[in-house]
Visitor: 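Here it is, the structure, as structure tokens.
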Amino acid sequence: MNQAAVKIPKVEAIPPTGAHVPLIERYLERLPFEPGDPLVSLQEGSTPLLRAPVLSELVGATVRLKLEGANPTGSFKDRGMTCAVSAAVRDGAKAVICASTGNTAASAAAYAARAGITCAVIVPEGKIAQGKMAQTLVHGARVISLKGNFDQALTLVRELTDTHPIVLVNSVNEYRIEGQKTAAFEIHEGLDGGLEALCIPVGNAGNITSYWRGFREMGAAPKLFGFQAEGAAPLVEGRVIEHPETVASAIRIGNPVRWEDAMAAARDSRGAIRVVSDAEILAAYRLLASKEGMFCEPASAASVAGLLKYGADGAEQIVCVLTGRGLKDPETAIANNDGKVIQCVAERGPIEEAVLGDP
Ligand SMILES: *Cc1c(COP(=O)(O)O)cnc(C)c1O
């Protein structure tokens with residue numbers, strides 16, 4: 001049913017001006033696409049770069065937030081997915097597959113639906129945030145819940161794609177890295193090359209790899225500070241973590257695909273990859289929501305937790321990447337906030353007390 005012919009638009013050399021432009025068209029000359037190639041886009045990219053006054057005050061520098069949750073499916077994965085799925089369609093693929101902690105699945109499912117091709121996702125059993133599962137299912141992907149962790153899921157899909165004509169859209173896929181590097185272009189352009197340090201969560205380490213590639217292509221070299229969660233910090237500990245654990249499910253990864261690339265990005269940019277605890281992640285998560293008005297998912301808050309914990313080596317222009325949207329993970333939000341719901345009868349006096357009385 002999913003296979004009904006879908007008319008897929010083509011990449012245009014000169015996209016319409018003024019409008020929000022698909023990422024592949026905006027950066028066509030820097031991406032592995034040509035005019036006339038199939039374009040599977042949901043108008044991803046061109047995300048806001050928001051000043052963070054409270055954080056800036058706390059850190060003593062100008063801090064901005066790159067709001068990757070503003071992408072169509074709510075995470076930066078869309079930047080890579082528009083490229084991976086457009087290329088898959090160009091190359092005649094009828095199906096894509098990924099192992100996912102959630103956001104890759106949601107994004108692959110959406111872009112596959114748009115392209116009219118089949119999508120299968122393998123997720124670690126019981127470890128997917130609810131919003132991401134909802135997206136993946138509603139877009140019509142085939143969801144396989146694996147009795148195992150993410151790293152086992154990835155090993156299995158790699159074996160499958162070696163023996164079947166299905167395109168793997170995890171961040172081992174080069175098109176993912178190419179697409180995601182465009183976020184670095186946007187920051188570089190937005191700050192006129194003035195960025196000094198970037199703080200970013202690290203899971204499979206595809207994104208930090210992409211940013212470093214993007215900055216280098218712009219001739220820029222900000223320091224990259226990557227942050228892993230304490231229970232899932234293979235790059236910091238220098239060993240594979242068999243049973244990664246953290247509240248930040250999007251970075252619950254014990255054996256990153258882009259291990260060497262991430263270490264090189266940190267080293268060559270004179271940055272570092274460091275560790276933050278779940279308590280620090282959740283404190284940053286609440287601070288962002290309650291003081292900056294920005295609701296991101298827990299993994300995203302690792303970037304801010306790391307900045308608050310370690311500083312940014314004297315940098316004055318800092319960007320923290322907020323990789324995904326808070327609504328992805330309602331369970332964690334409900335369980336971690338300082339608010340409360342006040343029960344009240346439908347009468348004037350009690351309402352007045354509830355609204356205006358001491359909390
Ligand atoms: C995928 C993801 C990450 C980790 O990115 P990697 O490329 O795997 O390092 C961080 N935050 C969110 C919200 C994600 O979806």
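Sequence positions, counted from 1, serve as the residue numbers for this chain. For clarity, every value in this text was computed on a predicted model and none was experimentally measured. One-based numbering, in listed order, for ligands and for the atoms of each.
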Visitor: With the threshold set at under 4.0 angstrom, would you say A205 reaches ligand 1 through any of its heavy atoms?
Guide: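 Judged by the 4.0 Å heavy-atom criterion, A205 does count as contacting ligand 1.
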
Visitor: Any nitrogen or oxygen of F76, main chain or side chain, under 3.5 Å from a nitrogen or oxygen of ligand 1?
Guide: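 No: no nitrogen or oxygen of F76 is under 3.5 Å from one in ligand 1.
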
Visitor: Would G206 count as being in polar contact with ligand 1, using the rule that some N or O on each side must be under 3.5 angstrom apart?
Guide: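 Yes, there is a polar N/O contact under 3.5 Å.
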
Visitor: With a 3.5 Å distance limit and no angle check, can you tell me whether E44 reaches the backbone of L23 through a side-chain donor-acceptor pair?
Guide: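 Confirmed, E44 side chain pairs with L23 backbone.
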
Visitor: Looking only at distance, does Q180 have an N or O less than 3.5 Å from an N or O of ligand 1?
Guide: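 Looking only at distances, the answer is no, because the N/O contact criterion of under 3.5 Å is not met.
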
Visitor: Under the salt bridge (Lys or Arg N to Asp or Glu O under 4.0 Å) rule, collect the residues that match up with E230, sequence neighbours excluded.
Guide: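 Result, salt bridge (Lys or Arg N to Asp or Glu O under 4.0 Å) vs E230: none returned.
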
Visitor: So if I apply the salt bridge (charged side-chain N to carboxylate O under 4.0 Å, His left out) rule between E186 and each of K66, K181, R30, which one comes out positive?
Guide: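 Per the salt bridge (charged side-chain N to carboxylate O under 4.0 Å, His left out) rule, the option paired with E186 is K66, out of K66, K181, R30.
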
Visitor: Which bit of E297 gets closer than 4.0 Å to ligand 1, counting heavy atoms only: side chain, backbone, both or neither?
Guide: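 Under 4.0 Å from ligand 1, E297 contributes side-chain atoms alone.
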
Visitor: If the condition is side chain to side chain contact (heavy atoms under 4.5 Å, CB included), which residues does K291 pass it with, not counting sequence neighbours?
Guide: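 Per chain and number, K291 pairs via side chain to side chain contact (heavy atoms under 4.5 Å, CB included) with V54, L287.
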
Visitor: For ligand 1, which part of A299 has a heavy atom less than 4.0 Å away: the side chain, the backbone, both, or neither?
Guide: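 Side chain only; the backbone of A299 stays clear of ligand 1.
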
Visitor: Below the 3.5 angstrom mark, is there an N/O of S75, backbone or side chain, next to an N/O of ligand 1?
Guide: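 Among all N and O atoms of S75, none is under 3.5 Å from an N or O of ligand 1.
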
Visitor: Would you say the side-chain atoms of E25 pair up with the backbone N or O of E12, donor to acceptor, closer than 3.5 Å?
Guide: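 Between the backbone of E12 and the side chain of E25 there is a qualifying donor-acceptor contact (under 3.5 Å).
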
Visitor: Looking at R274, I want to see if its CZ is surrounded by more than 12 non-hydrogen atoms of other residues, nucleotides or ligands under 6.0 Å.
Guide: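 Atom CZ in R274 is packed in, count exceeds 12.
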
